[in-house]
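For the single chain, residues carry numbers from 1 onward in sequence order.
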Amino acid sequence: MRTVRIQHAGQPHWGQLDDQTVHLTTGMTGKRTGETVPLDPAALLAPAEPTKIVCVGRNYLDHIRELGNDKGDLPKEPGIFLKGPNTLAEPGGTVQRPDWTQNFHFEGELALVIGTRAQHLTPQNALAHVAGYTCGLDLTARDLQKGDLQWFRAKAADRFCPLGPWLETEFDPADVHITTRVNGVVKQDSRTMHMIFDVPTILTYVTRFVTLEPGDVVLTGTPEGVGPLQSGDTVEVEVGGIGVLTTPIG
């Protein structure tokens, strides 16, 4: 089942997508209200209402190597940073290239949205707390990343986290294909099986310290192939079994 969040009658609504029909629901994981509307891709919103967006850095060995961070041992635990809800951008929505960075990068990722309150999870029960999975784009001001104490400007500026197009609820994240294209050219091509820390491990680790609330987002890291974006570019992040997140750069 695909869960969507759409703009309808001037308000955001959750729904379940059946072919080209959206069955409106009482919430992200709620029941159908009986009202239906035709799917309008232009009306899609980011499929999450987070209090926070938890991100994993350096979760693919090839990405660690390409950034020159492979001088020591592999990470012993996930490297976590945060984005705020202000960073969300809708599928298909234009993100303006900031004029305060000279090195604006794409990072395509598998993302997940929490469905039920999650605290002190275990690898055995972690996935049961996920409402669904989607495509994420972790936009990064790479030049500012070196100077920020907590990567605040580099990672957490407005609209630096396009998400979508919808949540896939029946999904196994263990070994799926992730592809990122810029202007139709493949830049990233990998599989989640190459993650250093898999999804259950990430959720178990994060919820030792932070309670994840329904609607919170977790980005699971990006593979090799990140690179710069210019105004006029179009980024596509495709996750096998989910779909394609398209983001034009203004």
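For the residue pair Gln145 and Thr140, no side-chain donor N or O sits within less than 3.5 Å of a side-chain acceptor on the partner. Using a 3.5 Å distance cut-off with no hydrogens or angles, the side chains of Asp138 and His105 do not pair a donor with an acceptor. Defined by atom type and a distance below 3.5 Å, a donor-acceptor pair is present between the side-chain atoms of Gln119 and Thr211. Under the 3.5 Å distance criterion, with hydrogens and angles disregarded, no donor-acceptor pair is assigned to the side chains of His23 and Thr36. Under the 3.5 Å distance criterion, with hydrogens and angles disregarded, a donor-acceptor pair is assigned to the side chains of Thr122 and Asn125.
The main-chain N or O of Met1 is found under 3.5 Å from a side-chain atom of Thr169 such that the two form a donor-acceptor pair. No donor-acceptor distance shorter than 3.5 angstrom exists from the side chain of Asp158 to the backbone of Thr87, with no hydrogens or angles considered. The backbone N or O of Lys155 sits less than 3.5 Å from a side-chain atom of Lys83, completing a donor-acceptor pair. A donor-acceptor pair under 3.5 Å is formed between the side chain of Arg2 and the backbone N or O of Ile242.
Ion pair Glu107/Lys187 not flagged as a salt bridge, since none of the NZ, NE, NH1 or NH2 atoms sits closer than 4.0 Å to an Asp/Glu carboxylate oxygen. With respect to Arg97 and Asp233, no salt bridge is recorded, no charged nitrogen being found less than 4.0 Å from a carboxylate O.
Criterion: ILVMFWY side-chain heavy atoms under 4.5 Å apart, direct or through other members. Under it, Leu45 and Val95 are not part of a common hydrophobic cluster. Residue Val113 is not grouped with residue Val56 when hydrophobic side chains (ILVMFWY) are merged at heavy-atom distances under 4.5 angstrom, including chains of intermediate members. Linking ILVMFWY residues whenever their side-chain heavy atoms come closer than 4.5 Å, directly or via other members, leaves Val235 and Val185 in distinct clusters. The cluster map of Ile, Leu, Val, Met, Phe, Trp and Tyr, joined by side-chain heavy atoms under 4.5 Å apart, puts Leu167 and Ile114 in different clusters. No continuous path of ILVMFWY side-chain contacts below 4.5 Å connects Val206 to Leu163, so the two sit in separate hydrophobic clusters.
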Worksheet item: So Tyr133 and Leu127, side chain to side chain contact (heavy atoms under 4.5 Å, CB included) or not? Walk me through it.
Response: CA-CA 11 Å; Tyr133 299 81; Leu127 297 186; 3.4 Å; yes
Fill in: Test side chain to side chain contact (heavy atoms under 4.5 Å, CB included) applied to Thr26 and Thr33, step by step
CA-CA 6 Å; Thr26 56; Thr33 65; 4.0 Å; yes
Fill in: His129 vs Leu121, side chain to side chain contact (heavy atoms under 4.5 Å, CB included): CA-CA, chis, key distance, verdict
CA-CA 9 Å; His129 290 264; Leu121 299 183; 3.4 Å; yes
Discussion item. The test is side chain to side chain contact (heavy atoms under 4.5 Å, CB included); show your working for Val210 and Lys52 and say whether it passes.
Written reply: CA-CA 10 Å; Val210 175; Lys52 53 192 167 294; 3.3 Å; yes
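When all heavy atoms of Pro248 and Gly93 are compared, the closest pair comes out as CD-O, 3.4 Å. Contact between Ala46 and Pro91 at its shortest, heavy atoms only, is N-CD, 3.7 Å. In terms of heavy atoms, Pro223 sits closest to Gly108 at CD-O, 3.6 Å. Considering all non-hydrogen atoms of both residues, Cys135 and Gly243 come closest at SG-O, 3.4 Å. Contact detail for Leu219 and Glu109: the closest heavy-atom pair is CB-OE1, 3.2 Å. Minimum heavy-atom separation, Ala156 to Leu82: CB-O, 4.3 Å.
Separating the CZ atom in Arg5 from the CE atom in Met28 is a distance of 10.5 Å, to the nearest 0.5 Å. With rounding to the nearest 0.5 Å, the separation of OH in Tyr205 from CD1 in Ile80 is 6.5 Å. Note that CG of Asn59 is 5.5 Å distant from CD1 of Ile196, once rounded to the nearest 0.5 Å. For the atom pair CG (Leu139) and SG (Cys161), the distance works out to 8.0 Å, reported to the nearest 0.5 Å. Note: Phe197 CZ to Leu203 CG = 13.5 Å, rounded to the nearest 0.5 Å. Of the inter-residue distances, the one linking Asn86 atom CG with Ile53 atom CD1 reads 7.5 Å to the nearest 0.5 angstrom.
Counting heavy atoms from C-beta on, the side chains of Val186 and Thr179 come closer than 4.5 Å. Within the 4.5 Å cutoff, the side chain of Glu35 has no heavy atoms near those of the His13 side chain. Contact check for Val37 versus Leu24: side-chain heavy atoms found under the 4.5 Å cut-off. Two residues are said to be in side-chain contact when any heavy atoms from C-beta on lie closer than 4.5 Å; Gln16 and Thr25 meet this criterion. Val239 places none of its side-chain heavy atoms less than 4.5 Å from the side chain of Thr134. Here the side chains of Asp62 and His194 are not in contact, with every heavy-atom distance at 4.5 Å or above. In this structure, Pro50 and Leu88 have side chains that are in contact, with non-hydrogen atoms separated by less than 4.5 Å. Taking the side chain as every heavy atom from C-beta outward, Leu112 and Val199 approach each other to under 4.5 Å.
Residue pairs satisfying the side chain to side chain donor-acceptor pair (under 3.5 Å) criterion with at least one member in residues 237-250, sequence neighbours excluded, are listed as follows: Arg181-Glu238.
Here Trp151 pairs with Phe81 under the ring pair (Phe, Tyr, Trp, His ring centres under 6.0 Å) rule; sequence neighbours left out.
Within 6.0 Å of atom CZ in Arg208, 12 or fewer heavy atoms from other residues, nucleotides or ligands are found, so the atom counts as exposed in its surroundings.
The aromatic rings of Phe104 and Phe160 sit tilted, their planes meeting at an angle between 30° and 60°.
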